[in-house]
Amino acid sequence: AEKKGRVEFRDVTFKYPGAEAPVLSNISFTAEPGKTLAIIGSTGAGKTTLVSLLPRLYDVASGEVLLDGVPVTEMDSSEITSRVSAVPQKPYLFSGTIEHNLRFGKPDATDEELWEALETAQAKGFVEEKSSGLNRRIAQGGTNVSGGQRQRLSIARALVTKPNVYLFDDSFSALDVATDARLRKALKGKTKDATVIIVAQRVSTIADADEILVLDNGRIVDRGTHDELLETSPTYQEIVES
Ligand code: CTP
Ligand code: MG
């Protein structure tokens, strides 16, 4: 069977409600199953806005966002949430156990699936370190775990749902470079058939992506692989040197 999870943006423009100027202009790209698409750009460039259009946190002003050829505006929200897992820039944990937090998107997941997701997300050790394990209590907003632990639990939660598309919005920024690298290697093995879209600040996080979009002021100013962009993109070079 053909792999699912092809994401296409066609000439997308977006304005926040009430705003005058568009935050995204003429955004076109395709992200394919089995591949990793990365988005990089300075703060305020529009990265979070861009990835929020696929799960329809907002709808486009013009243009189209398609999932496997179907405009997301024609899909019902339960179908989108079952097929697209987004790890938000500020991941949210609920008051409750780790298990409760991990099962959020897939209530019938087995314990084995939870542990597998934790292992991929490099969070297994953290959960095992207390005898309460999966029953360990998380405070509202995840205030009793560190930023990096919150990110990893949130990544594990996304993995549990086994979606066609993963959106990681700056999900590796609180991790040290070695954990970041380990996590992404493990992730690669577990997401072979899925489309992976990674927003990042750190070039090392996305250097091995199949394609990188360089976003500046709501526009894609350059695109290519890491090596290509090093040659062709002054904006990318600036990010590399920063
Ligand atoms: N913005 C807005 N209303 C919102 C969210 C964002 O007007 N509810 C604006 C921001 O002020 C910014 C632009 O939209 O000018 C793009 O924001 P965002 O997509 O969040 O930028 P990122 O590239 O994600 O920035 P960062 O790297 O800081 O996460
Ligand atoms: Mg952002």
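Both counts, for ligands and for their atoms, begin at 1 and track the order of listing. The structure presented is a predicted model; accordingly, all values stated were derived computationally and were not measured.
- When Gly46, Gly218, Gly41 are checked for heavy-atom proximity to atom 21 (O) of ligand 1, Gly46 turns out nearest.
- If you count the protein N, O or S atoms nearer to the Mg ion (ligand 2) than 2.8 Å, you get 2.
- Asn135 and Ser132 are not linked by any side-chain donor-acceptor pair at a separation below 3.5 angstrom, with hydrogens and angles left out of the test.
- For the residue pair Asp169 / Thr48, a side-chain donor-acceptor distance below 3.5 Å is found, with atom types taken as modelled.
- Exactly one of Ile220, Ile198, Ile197 qualifies for a side chain to side chain contact (heavy atoms under 4.5 Å, CB included) with Ile39. That residue is Ile197.
- Protein heavy atom in closest approach to atom 2 (C) of ligand 1: Tyr16 CD1, 3.3 Å.
- Salt-bridge annotation for Lys4 and Asp68: absent, with no side-chain N of the basic residue lying under 4.0 Å from a carboxylate O of the acidic one.
- Here Thr49 has heavy atoms under 4.0 Å from ligand 1 in both its backbone and its side chain.
- Checking Arg182 against Gln122 by side-chain atom types alone, a donor-acceptor pair falls below 3.5 Å.
- Under a 4.0 Å N-O distance rule, the pair Lys106/Glu113 qualifies as a salt bridge.
- Nearest non-hydrogen protein atom to atom 15 (O) of ligand 1 is Gly44 O, 4.0 Å.
- Against a heavy-atom cut-off of under 4.0 Å, Thr43 is close to the following atoms of ligand 1: 25 (O), 26 (P), 27 (O), 28 (O).
- Residue contact check: Val23 has heavy atoms under 4.0 Å from atoms 13 (C), 14 (O), 16 (C) of ligand 1.
- Numbered from 1 in the order shown, with element, the atoms of ligand 1 that lie under 4.0 Å from a heavy atom of Ala45 read 21 (O), 23 (O).
- Remark: atom 26 (P) of ligand 1 lies closer than 4.0 Å to at least one protein heavy atom.
- We find that Arg184 and Asp208 are joined by a salt bridge, their nearest charged nitrogen and carboxylate oxygen being less than 4.0 Å apart.
- For the 3.5 Å distance criterion, the side chains of Thr161 and Ser85 qualify, holding a donor opposite an acceptor.
- Residue His226 qualifies as enclosed at atom NE2: its count of foreign heavy atoms under 6.0 Å is above 12.
- Atoms of ligand 1 lying under 4.0 Å from at least one heavy atom of Thr48, given by number and element, are 19 (O), 20 (O), 22 (P), 24 (O), 29 (O).
- When each atom of ligand 1 is checked for a heavy atom of Gln201 under 4.0 Å away, the hits are 27 (O).
- Close N/O approach between Gln89 and ligand 1 is found [any backbone or side-chain N/O within under 3.5 Å].
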Could you go through the salt bridge (charged side-chain N to carboxylate O under 4.0 Å, His left out) check for Glu99 and Arg136 one step at a time? CA-CA 8 Å; Glu99 176 175 350; Arg136 177 153 158 200; over 6 Å; no
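- When only modelled atom types and interatomic distance are considered, Asp227 and Thr225 share no side-chain donor-acceptor pair under 3.5 Å.
- There is no protein heavy atom less than 4.0 angstrom from atom 10 (C) of ligand 1.
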